[in-house]
Amino acid sequence: VMAAFPEVCLVIDGKEQRTERPKGSAAQKPYDSGKKKAHTLKSQVGVAPNGRIESVGDSYPGSMHDLTVLRLTKLVDRLPAGAGAMMDKGYVGIGRDHPDRPLVIPAKAARNRPLTDEQKAGNRVIASHGSSSTTRRPS
C-alpha cells in the first residue's frame with residue numbers, strides 16, 4: 001500500500017457484530033442491519049498499512065451507514081496534516097467533506113451511470129493494493 005499510495009497512513013472500515021435483539025419493537029429498528037439480516041452493533045476500525053490497529057471507535061446501531069459513523073467519529077479530522085486514508089465504496093461522499101485530504105476511495109457506479117474504463121482501471125489499481133489483497137490465503 002505504501003509504495004502505491006505513500007500518503008495513506010490509515011485504512012478505515014466498518015465492522016458489524018451481531019447482538020441480542022433488543023426488547024420492544026421500537027428499540028429493535030435502529031439495530032436491524034439490512035446487510036447482515038440481523039440485529040447488530042457497528043464499530044469503525046482504523047488500521048495502519050503495517051497492520052497495527054490505530055483506532056477502534058464506539059459502537060453504533062447496525063442500521064447506521066458507515067459514512068455517518070465516520071462523520072460522527074471525526075477520524076479523518078484527527079489524521080496528521082497531509083496524511084490520507086484508504087476506504088471502501090461505502091465512504092464515497094467523504095471526499096466532499098475533506099477536499100484537502102488525499103483519500104483513496106474506489107469509484108462507485110450509480111443507476112444509469114456506469115463506470116468509465118478509466119474508473120474501472122483506477123478501481124483495479126486500488127483493489128490490487130487494498131487490504132483484501134494482503135489477507136488472501138493460498139488455496
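Hydrogens, waters and symmetry mates are skipped; everything else that's a heavy atom, side chains included, is used.
- In terms of heavy-atom proximity, S55 sits nearest to R78 at OG-NH2, 4.3 Å.
- For L79 against R101, the heavy-atom pair with the smallest separation is O-NH2, 3.1 Å.
- Side chain of N123 to main chain of P106: no donor-acceptor pair is present (N/O by atom type, distance under 3.5 Å, no hydrogens or angles).
- Side chain of E54 to main chain of A48: no donor-acceptor pair is present (N/O by atom type, distance under 3.5 Å, no hydrogens or angles).
- The side-chain heavy atoms of R71 and D97, taken from C-beta on, include a pair separated by under 4.5 Å.
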Item to check | Audit row: V11, V45, side-chain contact (heavy atoms from CB on, under 4.5 Å) steps and yes/no | outcome: CA-CA 8 Å; V11 178; V45 180; over 6 Å; no

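- The shortest non-hydrogen separation linking K42 to M64 is NZ-O, 2.6 Å.
- Among all heavy-atom pairs drawn from P49 and C9, the shortest one is CD-O, 3.5 Å.
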Next on the checklist: Walk me through whether Y60 and L72 qualify under side-chain contact (heavy atoms from CB on, under 4.5 Å).
Outcome noted: CA-CA 10 Å; Y60 293 92; L72 288 172; 3.7 Å; yes

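- Distance check, rounded to the nearest 0.5 Å: CE of M86 to CD1 of I105 gives 10.0 Å.
- Between D66 and Y91 the shortest heavy-atom distance is O-CE2, 3.4 Å.
- Within the 3.5 Å criterion, the main-chain N or O of V69 finds a donor-acceptor partner in the side chain of T73.
- The main-chain N or O of L67 is found under 3.5 Å from a side-chain atom of H65 such that the two form a donor-acceptor pair.
- Under the 4.5 Å side-chain heavy-atom criterion for grouping Ile, Leu, Val, Met, Phe, Trp and Tyr, V76 is not connected to V56 through any hydrophobic cluster.
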Checklist entry - Yes or no on side-chain contact (heavy atoms from CB on, under 4.5 Å) for L70 and Q44, after CA distance, side-chain angles and deciding distance? => result CA-CA 7 Å; L70 181 61; Q44 182 177 281; 3.4 Å; yes

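- Partner of L103 under the side-chain contact (heavy atoms from CB on, under 4.5 Å) criterion, chosen from I12, V8, I94: I94.
- D13 places none of its side-chain heavy atoms less than 4.5 Å from the side chain of M87.
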Item to check | CA sep, side-chain torsions, deciding dist, call: H98, D77, side-chain contact (heavy atoms from CB on, under 4.5 Å) | outcome: CA-CA 8 Å; H98 302 280; D77 294 331; 2.6 Å; yes

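- Nearest approach of P102 to A83, heavy atoms of both residues: CD-O, 3.7 Å.
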